[in-house]
Every structure is written in structure tokens, then in C-alpha cells.
Protein chains: 2
Amino acid sequence: MQIPEKDKHTEGIIFEAATRVFIEKGMDGARMQEIADRAGINKALLHYYFRSKERLFSAVFEKIAGQMFSKFAPVMDENLSFEEKIRFFFREHMEILKNNPGLPGFILNEINRNPDRMANLIKGYDVKSIWLHLQKLHGAEFEKYGITKENFPQLITSVVSLSVFPFAAKAIFSVILENMGCHFDDYIEQRKTFAAGFVISALQSGNHDMPRYS
Amino acid sequence: MQIPEKDKHTEGIIFEAATRVFIEKGMDGARMQEIADRAGINKALLHYYFRSKERLFSAVFEKIAGQMFSKFAPVMDENLSFEEKIRFFFREHMEILKNNPGLPGFILNEINRNPDRMANLIKGYDVKSIWLHLQKLHGAEFEKYGITKENFPQLITSVVSLSVFPFAAKAIFSVILENMGCHFDDYIEQRKTFAAGFVISALQSGNHDMPRYS
DNA sequence: TCTATATTTAACCGTTTGGTTAAACTAAAT
DNA sequence: ATTTAGTTTAACCAAACGGTTAAATATAGA
């Protein structure tokens with residue numbers, strides 16, 4: 001047999017090319033011919049490795065989405081105070097996105113196109129278990145900050161929004177920021193500390209407006 | 001001549017059908033045949049009113065984007081304190097998005113696909129002029145809250161992130177929230193007051209971590 | 001009634017696209 | 001040397017798609 005390293009090599013080249021094209025153009029906008037061209041191979045070989053566009057896309061999406069979500073969990077296991085974890089999260093997570101600014105748009109676009117794919121993806125990332133886990137670790141801090149089971153979803157979605165949205169809306173934000181003489185990358189660098197401080201300040205003041213569940 | 005109302009009527013029906021399809025599928029995923037079907041007319045008539053897919057899409061996009069951005073400005077002219085404006089913004093803006101949850105994803109997807117379109121769209125929404133306007137109106141509050149020209153972009157992008165991102169990521173959030181026994185619409189209703197309180201709390205505590213510009 | 005526009009019908013066109021096929025070539029493994 | 005899998009080439013196919021055309025019909029205004 002032939003060396004499997006070469007298989008992985010070519011398969012990897014195709015996969016990387018496909019990843020770039022799918023991120024740029026999305027599933028609908030991507031063309032198999034363009035993927036083949038960027039990989040420096042031909043369409044026939046593309047289908048030799050990945051039978052169809054759908055299969056190739058699924059492989060790319062699952063890897064990217066997996067990478068994306070897997071970066072959330074480990075932060076929560078670090079031996080840090082809750083406040084330090086928040087700073088840690090913004091610093092690390094936004095650094096990853098800074099190097100892959102197209103990921104949020106890619107994920108959001110695809111889950112909007114095909115919401116069913118979410119079901120498979122989400123299992124294993126249960127917010128309730130995260131809540132229980134964190135409450136065990138940081139019960140005292142949670143009480144001090146007034147973090148409850150009711151406002152916890154609001155809190156973590158706020159954290160995610162503050163870090164992810166600027167990348168999802170990069171095409172808008174970068175233009176607007178330039179008008180104020182600020183470059184996007186500088187803005188992101190500032191944001192790592194600003195957003196962390198912003199969240200922590202909000203927690204410390206403690207008066208979270210939370211209506212009762214209806 | 002025929003009554004122009006009927007023209008507008010049919011044109012409006014087509015336009016609305018196109019809007020729905022484009023929001024659901026995006027430019028690349030949308031099909032002219034499906035737009036015609038949903039409008040209850042035929043493809044020929046579609047091209048009779050809107051010469052091409054590109055023109056139809058541009059018309060839809062510009063109207064939606066215009067609606068979207070026009071909702072930001074008037075908030076700033078209300079006769080309210082800055083704190084009240086923040087509460088007002090979250091309440092009103094999120095109510096609009098609640099009734100049109102597909103808009104953020106549509107806009108984000110398209111500006112990612114075609115960033116050049118942003119240039120035309122942004123002019124008229126200059127952050128620097130908004131900053132000058134607000135600083136004139138709320139100079140005292142800005143000083144109290146420590147809002148400066150440097151951290152202002154961080155502040156308003158945070159406000160926008162907190163309100164818009166949950167809709168852009170609705171397909172993810174709704175699944176995750178269900179795991180905690182919370183429905184998306186309830187979450188949004190809570191969020192109007194939570195996010196406002198969150199921002200105001202962060203401002204009141206005042207210690208915004210802001211590194212110097214590089 | 002005549003006319004101009006709105007609308008339908010239905011066929012048609014050129015291009016693109018995802019995917020296939022078959023033959024030939026390469027090169028390492030046995 | 002033979003086998004096996006990787007790879008190229010190049011042609012091909014059927015379906016989908018955006019868009020066009022032309023003839024027929026409906027309808028309201030002049």
C-alpha cells in the first residue's frame with residue numbers, strides 16, 4: 001500500500017482549502033471547483049476523498065464548530081476565581097477569534113440555514129450542568145455577586161455576546177471604528193480587558209434587574 | 001393608465017415574498033422560483049417588476065438595512081437622561097428584533113458575503129458625530145460614568161452586542177436555553193431590563209479597564 | 001371601442017453546478 | 001513484475017438556475 005501519510009497530506013490539503021472557501025462563501029456560495037483549484041487538485045480527486053459537497057461541508061462544519069465550542073469548556077476548569085475566569089475567558093477566547101475572525105459568521109450563518117444541525121452539536125454542552133459545576137466551585141462569589149439560577153443564562157449569554165459579536169459584525173464594526181480613527185485589531189485588543197472589566201463591574205454593583213419568570 | 005395602487009400592490013406582494021425568502025435563505029440560497037411561488041405569481045412577472053435577482057435583492061437589503069439602522073438614531077434624540085436612553089434603547093430595539101428575529105442574521109450574512117456594500121450603508125451613521133452629539137447632551141453624566149472618547153466605541157459596541165447577538169445566535173441560544181427550562185421569548189423579555197441594568201451597573205461602578213491606544 | 005398596462009402561460013436558452021466515468025499515468029509495496 | 005491506491009485528464013451528464021420570449025388574456029382608462 002501507499003504511505004497513508006500522503007493520503008492524510010492530500011486529504012488535509014483538500015480539507016484546509018474547503019475550510020477556507022466555506023468560511024468565505026458559506027455552503028450555498030461555495031463552489032466545488034474553487035475548492036479543487038485552491039487545493040491545487042482536480043474535481044475528480046475531490047469526490048474521490050469526499051463523496052459529495054454535503055459530506056465535505058459537514059466534515060468542515062463539525063470540526064470548526066467543535067473547535068469553537070471546545071474552547072468554552074476548559075476555561076471553566078482552570079483553578080481560578082470566578083472573576084479571574086471571566087478575565088481569562090475574554091483574553092483567551094478573543095485571541096482565538098482574533099486569529100480566526102471568520103468563524104463566528106460561518107457558524108451563525110450555517111445554523112441559521114440549517115437549525116437542525118444544532119441539536120447534534122449542542123448535546124454535551126448543557127448549561128444546567130455548567131451552572132451546577134460553577135455554583136459548586138464559586139458559591140460564595142455567586143452569592144456576593146447576586147448570581148442566581150434565574151439570571152445565570154442572562155449572564156453567560158452576555159459574556160458570549162460581548163466577545164463574539166464584534167467578530168460576527170466585523171465588516172460593520174471595522175468601518176464604523178475607522179470613522180473614529182480606531183483600527184479593528186486595536187479595538188479587539190482593548191476589548192479583552194474592557195469587556196472583562198465591564199462584566200465584573202456590573203456584577204460588583206449587583207443590582208441586576210430581573211423580572212420574575214412568567 | 002391602470003391604478004398605480006394595483007402596481008404597488010403586486011410589487012409589494014413580490015417584495016414581501018422576496019424579503020421573507022432572502023431572510024430565510026440568504027442571497028445565494030434563495031431561488032427566484034420560490035419567491036414567485038410565495039408571491040403567488042410567476043417568474044415572468046417577477047422579472048417584469050424587478051429586472052434581476054441582484055436588483056431585487058439590493059432593494060430588499062437596502063430597505064431592511066435602512067430600517068435596522070434607522071432605529072438606532074431616533075433613540076438618541078429623545079428627551080431623556082443617558083441612563084434612561086439606555087433603558088429605552090434595549091426596550092424598543094429588542095422589541096423590534098423580537099418581531100423580526102431574522103434580521104440580524106440576514107444583515108450579518110450579507111455584509112460578510114459582500115463587505116463593500118457596507119461603505120454605502122454606513123455613511124450617515126458616523127460614530128464620531130454621535131459621540132459629539134451625546135457628549136453635548138450628557139456631558140455631566142459622561143464625566144460621572146467615566147465615559148471618554150477612548151472608551152465610547154467599546155461602550156456602544158457593547159450595548160449593540162448585548163441586544164443584537166442573542167437574535168443573531170437565536171438558533172443556538174434557544175436550544176441551550178431550553179435545556180435550562182427557559183423559552184427564548186421569555187429570555188428576550190427578561191433581557192430588555194437585564195441588559196439595561198447590566199450596562200448601567202457597569203457604568204456606575206466606573207472602573208473601566210482601558211489600556212492606552214498603541 | 002381602442003389602447004396601454006398587468007398578468008398568465010409555457011416553452012425555451014445558455015450557463016453553471018454537483019457529480020460521474022473511463023482511460024491513462026505514477027509510484028510505492030509486495 | 002505485479003498489484004494497489006493516488007492522481008490526472010478530459011469529456012460527459014442531468015438537473016437547477018437566472019433570465020428571455022412571444023403569444024394570449026384580462027382590465028381599466030381614454
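By convention in this document, chain letters (A, B, ...) are assigned in the order of the sequence lines, proteins followed by strands, and residues within each chain are numbered from 1. Since the model is a prediction, treat every value here as computed from it, not as a measurement.
Among D:dT7, D:dG18, C:dT9, the nucleotide with an atom closest to any side-chain atom of B:Asn42 is C:dT9. Listed nucleotides D:dT7, D:dT20, C:dT20 differ in distance to A:His47; the shortest reach to its side chain belongs to C:dT20. Of the candidates C:dT7, D:dT9, D:dC17, the closest approach to any side-chain atom of B:Leu45 belongs to C:dT7. Distances were taken from every side-chain heavy atom of A:Ala44 (C-beta onward) to each of C:dT5, D:dT9, D:dT7; the shortest belongs to D:dT9.
In this structure, A:Phe50 places its CZ atom 16 Å from C1' of D:dT7, rounding to the nearest Å. Taking atom CZ of B:Arg31 as the reference point, atom P of C:dT16 lies 15 Å away to the nearest angstrom. A straight line from CD1 of B:Ile41 to C1' of C:dT5 spans 16 Å, rounded to a whole angstrom. One can place CD1 of B:Ile35 at 12 Å from P of D:dC17, the figure rounded to the nearest angstrom. Summarising the geometry, the separation between CD on B:Glu11 and P on C:dT7 is reported as 10 Å, rounded to the nearest angstrom. One interatomic measurement links the two molecules: CG of B:Asp37 to C1' of C:dT7, which rounds to 16 Å at whole-angstrom precision. Between the P atom of D:dG19 and the CE atom of B:Met32 lies a distance of 5 Å, rounded to the nearest Å. As a whole-Å value, the separation of B:His9 NE2 from C:dA6 P is 15 Å.
Side chains of A:Phe165 and B:Thr157 form no contact here, defined as non-hydrogen atoms less than 4.5 Å apart. Using a 4.5 Å heavy-atom threshold, the side chains of A:Phe106 and B:Asn112 count as separate.
Residue A:Ala30 is in sugar-phosphate contact alone, with no base atom involved, counting any heavy-atom pair closer than 4.0 Å across all strands shown.
Remark: B:Thr10 is not in phosphate contact with C:dA6, judged by side-chain N or O atoms under 4.0 Å from OP1 or OP2. Applying the 4.0 Å criterion to OP1 and OP2 of C:dG19, one finds that A:Arg51 has every side-chain N and O outside that range. A close approach under 4.0 Å does not occur between any side-chain nitrogen or oxygen of B:Ser52 and OP1 or OP2 of D:dG18.
Around the CG atom of B:Asn79, the shell of radius 6.0 Å holds no more than 12 heavy atoms that belong to other residues, nucleotides or ligands.
Place A:Met27 and B:Tyr48 on DNA chain C by their nearest nucleotides, and B:Tyr48 ends up nearer the 5' end.
Note on B:Lys192 versus B:Glu92: no salt bridge recorded, every NZ/NE/NH1/NH2 to OD/OE distance being 4.0 Å or above.
Below the 3.5 angstrom threshold, one finds a donor paired with an acceptor across the side chain of A:Lys43 and the base of C:dG19.
Donor-acceptor pairing under 3.5 Å is recorded for the side chains of B:Ser58 and B:Arg117.
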